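Quick note: numbers below take in every heavy atom, side chains included, and nothing from hydrogens, waters or symmetry partners. What you see is a predicted model; the values in this text were computed from it and never measured.
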Amino acid sequence: TMGLHKRLLWQGLGIDMRKLVELETKALMHTMGEPDAAEGGAAFFEKRPPDWTSSVSGQWPGFMDGDN
């Protein structure tokens, strides 16, 4: 999730605001649909370290690289 949103910050320097908002919305919807989103919330409320299972190489969405 951090890598995805960090990429958005860099991409935002070279694109118009409308496109950036579109990408940010897609990225948010993508990350909130991943198992790590639920795990992060559960770990917080259970006061335990999270057990992350996602990986950049396995869950990187194509739209971040210009694919649809």
Working for side chain to side chain contact (heavy atoms under 4.5 Å, CB included), residues Ile15 and Leu23: CA-CA 10 Å; Ile15 61 177; Leu23 282 172; 3.9 Å; yes

Spacing of CG belonging to Leu20 relative to CD belonging to Gln11, to within rounding of 0.5 Å: 8.5 Å

Hydrophobic cluster of Leu28, others only, ordered by chain and residue number, side-chain cut-off 4.5 Å: Met32

Whichever hydrophobic residues join Trp10 through chains of side-chain contacts under 4.5 Å: Leu13

Interatomic spacing from CG in Leu4 to CD in Glu34 - rounded to 0.5 Å: 9.5 Å

All side chain to side chain contact (heavy atoms under 4.5 Å, CB included) counterparts of Glu22, not counting sequence neighbours: Lys19, Lys26

With Arg48 via salt bridge (Lys or Arg N to Asp or Glu O under 4.0 Å) - residues at least two apart: Glu39, Glu46

Qualifying residue, where the test is side chain to side chain contact (heavy atoms under 4.5 Å, CB included) with Asp36 and the options are Thr53, Thr31, Asp51: Thr53

Ala43 versus Pro50, closest heavy-atom pair with distance: CB-CA, 3.6 Å

Pairs flagged by salt bridge (charged side-chain N to carboxylate O under 4.0 Å, His left out) wherever residues 2-17 is involved - sequence neighbours left out: Arg7-Asp65

